[in-house]
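If you're wondering where the values come from, they're calculated on a predicted model, not measured in any experiment. Every chain is numbered from 1 and lettered A, B, ... according to where its sequence line falls, protein lines coming before strand lines.
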Amino acid sequence: MALSDWRLRLRSLLFRERVEQEMEAELRFHLERDAEARRARGAAPAEAERQARIAMGGLDPAREACRDARGVAALEALGRDVRHALRRLARRPGVLAVVVLSLAVGIGANVTVFSWIRGVVLNPIPGAASQGQLVSLETLLPSGARLDTSYMDYRDFRQAQCFSGLLAFREWQIGLSQGPGLGQRAGAQLVSGERVSGNFFSVLGVHPRLGRFFTSREAAAGAQVAVISSQLWQRRFHHSAAVLGQVLQLNHQAYTVIGVTPAAFQGAMGGVSDSVFILLRAPLGWAGELSDRNWRDIKQIGRLRPGVTLGQARAQVQTIAATLARRYPKSNTGIGAALVPMAKANYGAQQVLAAPLLALGATAILLLLVVWFNIINVVLSLALEQRRETAIRLALGVGRGGLLRQFLAEGLLLGSGGAALGLIVAHWGSGAMRLLLPPTNMPIRLAAGLGWPAWAVAAACAVATALICGLAPSWQESQRAARRDPGAALHEGARTAGPSRRAGRVSRGLVLAEWALALMAVAAAGLLAQSFHNARRMDIGFNPQGVLLTGLYPSTAGFTTAQSLAFYRQLRRDVAQIPGVSGVAIAQDVPLGFEGGSWRQVSPEGYVPARGEDMKVYRDPVSPNYFSVLQIPILAGRGFNAQDTATSYPVAVVNQTFAQRYYHGQDPVGLKFGLGGENVTIVGEAANSKYHSLTESPGPYFYLPLPQNYDGSGVALEVRARPGATAVAQAVVSRLRGADANIPIYGPVPMTQFIGAAYFGQKVAAAFMALLALLALALAAMGLYAISARAVAQRVREIGVRVALGARPADISRMFLGQGLRLAIWGGVAGVVGAFFMDRLLASLLIGVGPGDPRVWLEVAAVLAGVGVLAAWWPARRAARVDPQVAMRCE
Amino acid sequence: MGENVELPQGTLELLILKTLALGERHGWAIAERMQQISSDALRVRQGSLYPALHRLERRGWVKARWGESENRRRAKFYALTAAGQRQLDADERAWRRLAGIVGQVLNQQV
């Protein structure tokens with residue numbers, strides 16, 4: 001199409017008045033000249049003009065033909081429809097506001113949850129290419145549990161043909177300080193980093209923003225080179241290009257910066273923003289056991305070759321795992337391999353949030369459905385009120401198509417307005433999840449922000465709204481027009497004929513459906529709220545109230561293991577002297593935090609493991625006083641004391657399940673078990689507590705003395721303060737700084753906040769579900785109110801008659817209340833059926849409640865009944881007070 | 001001469017282009033000229049002249065400007081563009097060829 005075509009069409013649209021005037025002028029000029037010519041040939045002036053008009057074929061047809069030739073007829077018609085629709089909607093500003101606001105809420109909620117799901121579950125590694133092809137390869141225990149893998153196993157899995165690349169990584173807390181160079185202040189900063197294989201960036205499909213990534217020679221040699229994130233580049237180097245070649249001190253080892261990752265990339269751990277990437281084989285103080293197949297702390301991500309299905313890949317890795325089990329029976333017996341899409345990986349934000357987000361997504365859709373049902377009812381009743389106008393238009397020849405276009409234009413306006421507002425709501429909402437995060441030393445960065453798919457969702461909702469708003473009333477009108485002479489609608493008193501029976505049934509059906517959906521939402525919210533409540537009150541086996549946690553990382557400041565242990569001993573003595581402190585302990589793992597723990601293989605004396613039984617048990621190296629600080633009861637024997645040193649004989653404290661399972665309930669004190677070649681003597685039995693998650697089933701666990709089992713990683717200083725003691729936190733920090741100013745620390749934070757990680761998923765689910773359910777209930781109540789009010793308005797005369805005949809106000813209101821309540825109750829019944837299916841989704845999130853918990857359902861029923869009564873009764877109340885004389889006269 | 005010939009649709013535009021080949025004209029002058037050079041046999045229904053002109057303008061074959069007519073009144077003048085000239089040449093060739101073939105076929109009939 002020629003450029004001139006677009007230009008002229010645009011002109012016709014934008015400068016309609018001027019174009020019309022020009023056309024008029026042109027045609028008139030022609031007529032004048034024609035009339036002149038005829039006059040010159042001898043015709044009378046009036047006759048000449050008439051002839052000229054006839055020669056043109058009539059002025060109006062000429063005008064129409066010119067307008068058609070402009071090529072914008074259809075667009076102009078649409079524009080007219082939109083303007084009319086605007087005028088019609090503006091006449092009822094209250095209705096308009098309610099509709100647009102509820103659309104905004106419904107669309108906003110859906111866009112928000114959709115962008116959360118997209119960010120956390122579908123896009124867990126932002127910045128990576130084609131995340132659909134990435135899979136997580138994990139160790140599969142016979143019990144079905146999934147764990148990290150060992151580095152040696154990783155080397156074997158790389159042989160698998162199904163991957164175009166398999167990377168390995170491990171998260172690491174690194175003490176970062178500046179080498180000589182840019183003249184920054186020398187303070188050590190604790191950063192979260194990843195130790196990665198050489199192919200890390202190429203498998204993920206990430207390209208350097210500055211500099212380059214690792215070469216295979218560097219990877220093989222374990223070269224001391226580092227890649228940093230854009231965030232670190234900005235924070236510490238202020239985007240200076242001189243960062244390349246800079247030397248960083250990582251845990252007091254010199255590393256050279258060779259590249260910067262793109263801004264969107266934050267590492268392979270979903271939801272966490274890692275700042276430094278170094279090679280797995282590069283030394284970092286304590287290197288971990290890369291050569292021990294039993295040391296499983298590596299995570300693997302593979303990119304499937306194009307054309308390879310997940311099933312084929314699974315078969316391949318399971319074959320490799322079986323080979324390894326045969327070749328290395330001491331470490332790999334019974335160990336399988338699990339291959340899952342990244343969204344289902346065993347770590348990262350997606351693992352915590354996937355189930356809650358999906359539940360939220362389902363509820364958001366329910367909410368939008370309720371919103372749409374309400375809008376249909378509103379639009380239908382508006383159309384009913386405008387019956388006369390519609391009849392006139394039909395009589396003037398608008399036709400069914402024209403009517404449809406008119407209603408579509410209205411719907412498009414409402415939908416666009418709602419979607420635009422909804423995007424604003426979503427913009428605020430997508431940041432809301434951060435509000436619920438517990439404090440943690442991990443740099444959580446949950447992908448927020450609305451990308452183009454969010455806009456697409458909003459646009460789709462707008463179009464769907466337009467279709468709904470367009471089709472519903474035009475269907476209703478066409479039903480009526482087909483059945484009846486349009487003229488009848490113009491007559492006075494036509495309103496008493498009332499809406500068609502069918503339209504009334506449709507409206508009532510919609511309200512019933514709304515109540516069903518609202519019940520489902522409220523039931524889900526109730527279950528989740530109860531579940532969250534249970535989680536908070538659950539007996540976790542220890543008492544976090546009053547305990548302050550501080551994270552310490554001496555190895556990142558260059559301490560050796562022995563130096564660290566000595567430091568801890570001194571620190572405990574110092575901190576114990578702070579006034580208000582009743583106990584101090586140090587432990588390597590903190591129960592119920594975001595970070596996992598580690599396990600060892602045990603061989604209890606006299607216990608023959610069943611075939612394929614998993615003898616890996618989680619353990620925690622702890623200092624003396626650990627059990628008294630956390631108030632975990634010691635049921636037999638003792639905790640650890642100063643006599644348990646690195647050189648005394650190996651001891652352990654086991655939990656109840658350990659004793660029951662491996663020693664058949666005997667008193668375990670004095671019994672032994674094998675641990676990595678050593679014989680460990682049990683000196684105490686501790687009560688069971690929760691270690692990793694609130695929903696874990698009871699399992700064996702044991703504790704080891706810190707000096708005998710310290711591997712140099714970070715530890716937690718746990719300080720119990722007496723109730724009412726103040727300023728303990730500052731005192732702790734000052735003692736720490738006094739002991740050594742260079743050790744990076746995290747906190748102190750109250751332990752109650754820290755272990756919020758255990759129910760972060762529940763919290764997210766419960767909070768937002770409650771919000772959505774509230775909205776759904778409010779909208780359903782509005783729908784019920786509207787339908788009751790309409791019923792009252794339509795039967796005003798009938799009420800007048802009844803009152804005149806002696807009915808009391810109570811009778812009138814009871815009549816309407818009964819009708820409204822019946823709708824709500826039937827809706828509720830339908831909702832129960834729906835909720836039955838929906839709650840299957842929630843089962844994994846529920847703690848201490850089953851989907852059929854009677855107490856919750858009773859509460860739900862009470863809430864819905866209460867709201868329903870209110871919504872149905874309010875208009876009924878008004879109805880009762882109608883003055884019969886006014887009613888009779890009223891139209 | 002003979003009876004007035006009905007003008008088929010697409011050819012009106014071709015004739016307008018031809019008329020404008022000789023220079024810029026306003027709508028009335030185009031109508032007059034067409035009548036003239038067809039020796040009065042063509043009576044264009046003038047109501048269809050202006051839509052045709054607007055269509056031609058949209059396709060970029062003529063361009064329009066407002067100017068002063070011979071009798072000092074404002075009128076819209078149309079002129080052929082380069083693209084229009086090319087289109088005219090191509091259409092003319094096609095027409096002549098068509099007319100030749102049809103004439104040949106008609107002449108064959110006995």
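- We find that Glu20(A) and Arg67(A) are joined by a salt bridge, their nearest charged nitrogen and carboxylate oxygen being less than 4.0 Å apart.
- Heavy atoms of Leu27(A) lying under 4.5 Å from chain B belong exclusively to its side chain.
- Between Glu24(B) and Arg65(B) a salt bridge is recorded (basic side-chain N to carboxylate O distance below 4.0 Å).
- Interface residues of residues 71-80 of chain B toward chain A, defined by a heavy-atom distance below 4.5 Å and sorted by number: Asn71(B), Arg73(B), Arg74(B), Ala75(B), Lys76(B), Tyr78(B).
- Within the 4.5 Å cutoff, the side chain of Tyr50(B) has no heavy atoms near those of the Met23(A) side chain.
- Rounded to the nearest 0.5 angstrom, Leu103(A) CG and Leu414(A) CG are separated by 7.0 Å.
- We find the CD1-CG distance between Ile16(B) and Leu53(B) to be 4.5 Å, quoted to the nearest 0.5 Å.
- Of residues 35-49 of chain A, those residues lying under 4.5 Å from chain B by any heavy-atom pair are Glu36(A), Ala37(A).
- Ranked by non-hydrogen atom pairs under 4.5 Å with chain A, the options Arg59(B), Lys63(B), Glu57(B) are led by Glu57(B).
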In a table with atom names and distances, give each donor-acceptor pair under 3.5 Å that connects a side chain of residues 75-85 of chain A to protein atoms at least two apart or in another chain.
unit_1	atom_1	unit_2	atom_2	d
Glu76(A)	OE2	Arg16(A)	NE	2.9
Asp81(A)	OD2	Arg405(A)	NE	2.6
His84(A)	NE2	Arg87(A)	NH2	3.1

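- With chain A as partner, the option from Ala52(B), Ala29(B), Gly27(B), Ser69(B) having the largest number of non-hydrogen pairs under 4.5 angstrom is Ser69(B).
- Of all heavy-atom pairs spanning Gly60(B) and Thr81(B), the tightest one is O-OG1, 2.8 Å.
- In this structure, Arg9(A) and Val72(A) approach most closely via the heavy-atom pair O-CG1, 3.6 Å.
- Considering only heavy atoms from C-beta on, Leu467(A) comes within 4.5 Å of Leu408(A) through its side chain.
- The pair Glu32(A)-Arg28(A) does not count as a salt bridge, with every side-chain nitrogen at least 4.0 angstrom from each carboxylate oxygen.
- Between chain B and the options Asp68(A), Leu31(A), Asp34(A), heavy-atom pairs under 4.5 Å are most frequent for Asp34(A).
- Under the side chain to side chain contact (heavy atoms under 4.5 Å, CB included) criterion, Ala97(A) pairs with no residue, sequence neighbours left out.
- Residue Arg7(A): no heavy atom, backbone or side chain, is found under 4.5 Å from chain B.
- For Arg86(B) and Asp89(B), the salt-bridge test fails: no basic side-chain N is under 4.0 Å from an acidic carboxylate O.
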